[in-house]
Amino acid sequence: MADTKTNAGNFFEDFRFGQIIHHATPRTVTDGDVALYTALYGSRFAVQSADTFAKAIGYPKAPLDDLLTFHVVFGKTTPDISLNAIANLGYADCRFLKPVYPGDTLASTSEVIGLKENSNGETGTVYVRSTGRNQDGQIVLEYCRWVMVRKRTKGSPAPEAVVPKLPDRVDPKDIGGAIPPLDVAKYDFELSGSPHRWSDYEAGEKIDHVDGMTLEEAEHQTATRLYQNTAKVHFNQHTESKGRFGKRIVYGGVVISLVRALSYNGLGNAFHLAAINGGRHVAPTFAGDTIYAWSEIIEKAEIPERRDIGALRVRMIGVKNQDCAALPLKTETGEYAEGVVLDLDTWLVLPR
Amino acid sequence: MADTKTNAGNFFEDFRFGQIIHHATPRTVTDGDVALYTALYGSRFAVQSADTFAKAIGYPKAPLDDLLTFHVVFGKTTPDISLNAIANLGYADCRFLKPVYPGDTLASTSEVIGLKENSNGETGTVYVRSTGRNQDGQIVLEYCRWVMVRKRTKGSPAPEAVVPKLPDRVDPKDIGGAIPPLDVAKYDFELSGSPHRWSDYEAGEKIDHVDGMTLEEAEHQTATRLYQNTAKVHFNQHTESKGRFGKRIVYGGVVISLVRALSYNGLGNAFHLAAINGGRHVAPTFAGDTIYAWSEIIEKAEIPERRDIGALRVRMIGVKNQDCAALPLKTETGEYAEGVVLDLDTWLVLPR
Amino acid sequence: MADTKTNAGNFFEDFRFGQIIHHATPRTVTDGDVALYTALYGSRFAVQSADTFAKAIGYPKAPLDDLLTFHVVFGKTTPDISLNAIANLGYADCRFLKPVYPGDTLASTSEVIGLKENSNGETGTVYVRSTGRNQDGQIVLEYCRWVMVRKRTKGSPAPEAVVPKLPDRVDPKDIGGAIPPLDVAKYDFELSGSPHRWSDYEAGEKIDHVDGMTLEEAEHQTATRLYQNTAKVHFNQHTESKGRFGKRIVYGGVVISLVRALSYNGLGNAFHLAAINGGRHVAPTFAGDTIYAWSEIIEKAEIPERRDIGALRVRMIGVKNQDCAALPLKTETGEYAEGVVLDLDTWLVLPR
């Protein structure tokens, strides 16, 4: 029989309220990661693409795509938080707080902020606040996530239920910390690829991002390994062939990144993802699926003490295997429409 | 109905003779792009592979593969020039003028140098001269391209026809600007992998490059996104499944890069692609195709005032799903032979 | 007919005992290669992942994964040594001698240390000692390999047989040169992801590494091209479709890297592969196969004059398309069990 030095992951009983977990494998992010990120999603926001563009407006150099930071910080949490998860239930209060640059080293910790056993006695919901820090200990990213985790033993004693109160949306005053003061006069709207600034968008506006991108197994696996995410369902066809779908499931973060990259076409100056207010992976995505996206501007906010930038609260919808001309979202009975895979409530920042 | 902030691309009526277009999304190229370029094509030219080799002969460090520069500069032009293109008709007068190094930022502009409506009133040919510049504004690359573009409205008024006169070949005196003065005594023909220098090749010589490389969807998509090329036919299986071929079409630049990488076997010291005199994508390439290549030396030229290097005009032929032992090119009736996918007329530079 | 400037590779008759071959195309390894290595295998050893972690214990920055160095050095030998090989028969005495960092340039040489014609007169075994050096000429890696190579002409005269005596195992005193003196007090066993140090392992211990990873064509091709390995069987479906297996064969080094990455789960502090005592690719691997791994600790050794680190001799077994709960290895009749693809005898180094 084999040794037990391997990581079996945590079960519901293993989590304690208030517990702080230092996740393994800090990660220096580099120009190599940036190139791979571009190659995997085709993102075209000028600030992240060109040192010259970033420097002109006030960055020391081009920062990382915010979602690359997110995926790296998130990936580290998977061996401890979600190895025995059945479902990733939701996100809230995700805030990008400091810019990250090639050469920075990211590490993650999580605090258990809630625990609630399910009535079946077999599973429970674990709420964590995960924090990404750079090599100087500065918090670059913070977000809450809740996952349904298996119990090791059905009916084993459960902790007292604690369900954290999470904000519906990030307050606009908490937005923009990851953006230095910008010299907007130097922001070149021709080079950025879109003439539309913050003031050109209105609440209620809907944008079909038009383009579609087909996903391959080698692509989502490569992306997910880059983030050192260890969730088994993304990588193992031998076991997944006997599983619920008969095939590997694409890491939800890959879909988020694709939707964000597609949104460039219509939101080309929304160069910074400042916050994720909430999010839901509505349906699984598989290799061979073609991802489309559309967005609705649901709120427009000034950022206190910032005259250079403004925020748009944008609901980004990811759809598979149908274009978004009809802006698919819900059916008449209120369920998500066929094909919708992602419903993401974000704050995006644009120059004013 | 959705908003119209998305880029619908330009139609034939949108172009004006003499118009200058500043393309979006400048791009800092890095070691990450270089690694991906090697991983995607397997190129082995020593000058681009090793800083030590490049420095020994006179470069400050290893320059980018010329075609990586080409693809990045070209990719930026696609949203403005060829989003509504039916066909990429040809290239001419493509000259690589300055070396590009990791850390440089590339941006592209295009000038409309010709316009000619087709007699059907539905399409027209647009001729552009596209220019890639580095962060100092120096021109690193210039080339002409003509594409057939849809009209927005059949029968709408067309501009007066202007067809530019383009050179059949780049003059050898315009070659070599991207190569510093070389200390050829330090060029190690053992480390470069081939004993053959410029003087060892003769006009009329034909070289079967022997090796073949099979293309996968994940590979050509990854490459094409790396260049931020947005042409839809490369990425969207959902729409292409209903299209002419029922599948995604490989970006022609991927085939050019593969043929160039394969040509190392036989032209191992032809370390610099100095010019593309003309080129034609004879037939489309798809995932699953295996690319082979052969070359004919069609001219040999000294470069004025350069005793260190010489130029070979090389016609590079890309072929799919058959080896090149028989040097396939044209049939008896003058059409391209079955399997030929690329016919590229280049100037290559070798040490003398 | 085509020219013969292409490399036909060496046949058995072309090798001479004592011959030294300088392999082509030195290669500067960069952050880009490191990112791709992570993306291709998902390795999570903290020392190679984070500059901060590496610096804390005594490295100037994060070194390359040892196997990335191996593959790059190995790749350069393929055009000269194994282009006409029928089989890669074995490895021995492989020692990693100096750390390699992004920015270093690697070059390879090989010495022919043995030659033995096979009785059929059609093939022979070539033994080489291959050496990887950095830009300062320091040896970073040395290993012996023997391959079965075709003769150009059946029955042509063969050299006198010389079979080198190769060590069964690398002596522990020759281990550790690639590791600077470590400040183990600064080695963070929480961030490294495993509490187990050298003293926690015992000879005889067996570890099922649990996880499995499915391989795609685009992934192994991308990896193998990154190493500029030119062996045809990995890349050409057009010819392989008519070959023995009807499909492309995965480069054995890809399987070694996957097994090593999977072994993190159970050997998370075995951060340095110091030596490969011997190795055998038991069966070929193809795209679509899922790789699993298990290990046996077969010896435990102190390293002379090193109180910071200790060595474990670990036999790593790669298995395809079945998990390793049963620790598959040999059948009752002594043959390798169904599914075993790799049997690798290594020295791994852990903090004490």
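The basis for the numbers below is simple: all heavy atoms, side chains too, and nothing from hydrogens, waters or symmetry mates. The sequence lines fix the lettering, A, B, ..., with proteins before strands; numbering per chain opens at 1.
Heavy-atom pairs under 4.5 Å with chain A were tallied for B/Ala8, B/Pro26, B/Gly75; the largest tally goes to B/Pro26. Contact tally against chain B (heavy-atom pairs below 4.5 Å) for A/Gly212, A/Gly288, A/Gly193: the top residue is A/Gly212. Between chain A and the options B/Glu240, B/Lys232, B/His234, the largest number of non-hydrogen pairs under 4.5 Å is found for B/Lys232. Per-residue counts of heavy-atom pairs under 4.5 Å with chain B were compared for A/Met213, A/Glu217, A/Lys61; the largest is that of A/Met213.
B/Phe70 has its ring centre no less than 6.0 Å from the ring centre of B/Tyr227.
B/Thr230 touches chain A through its side chain: at least one heavy atom from C-beta onward sits under 4.5 Å away, while N, CA, C and O do not. Within the 4.5 angstrom heavy-atom criterion, only backbone atoms of B/His23 (N, CA, C, O) approach chain A. Only the side chain of A/Tyr292 comes within less than 4.5 Å of a heavy atom in chain B; its backbone stays farther off. Heavy atoms closer than 4.5 Å to chain B are found nowhere in A/Thr222, neither backbone nor side chain. Proximity to chain B (any heavy atom under 4.5 Å) is restricted, for A/Tyr41, to the backbone atoms N, CA, C and O. A/Ser192 touches chain B through its backbone: at least one of N, CA, C or O sits under 4.5 Å from a heavy atom, while the side chain does not. There is no contact between A/Asp33 and chain B, counting heavy-atom distances below 4.5 Å. Residue A/Leu215 does not touch chain B at all, counting heavy-atom pairs closer than 4.5 Å.
Every residue two or more places apart in sequence or in another chain that forms a side chain to side chain contact (heavy atoms under 4.5 Å, CB included) with A/Ile298 is listed here: A/Glu296, A/Arg313, A/Arg315, A/Asp345.
To the nearest 0.5 Å, atoms CG (A/Leu342) and CZ (A/Arg260) are separated by 13.0 Å.
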Got a list of side-chain donor-acceptor pairs under 3.5 Å for residues 99-107 of chain B, not counting sequence neighbours?
from, atom 1, to, atom 2, distance (Å)
B/Asp104, OD1, B/Gln135, NE2, 3.0
B/Asp104, OD2, B/Tyr101, N, 3.0
B/Thr105, OG1, B/Thr28, OG1, 2.8

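Between A/Tyr59 and A/Phe271, the ring planes lie perpendicular to each other; the angle is over 60°, past the 30° to 60° tilted range. Using the six-membered ring where Trp is involved, A/Tyr264 and A/Phe45 have ring planes that are perpendicular, over 60° apart on the 30 and 60° scheme.
Side-chain atoms of A/Pro328 and A/Tyr336, non-hydrogen and from C-beta on, never get closer than 4.5 Å to each other.
Between the side chain of B/His71 and the main chain of B/Gly253, a donor-acceptor pair closer than 3.5 Å is present.
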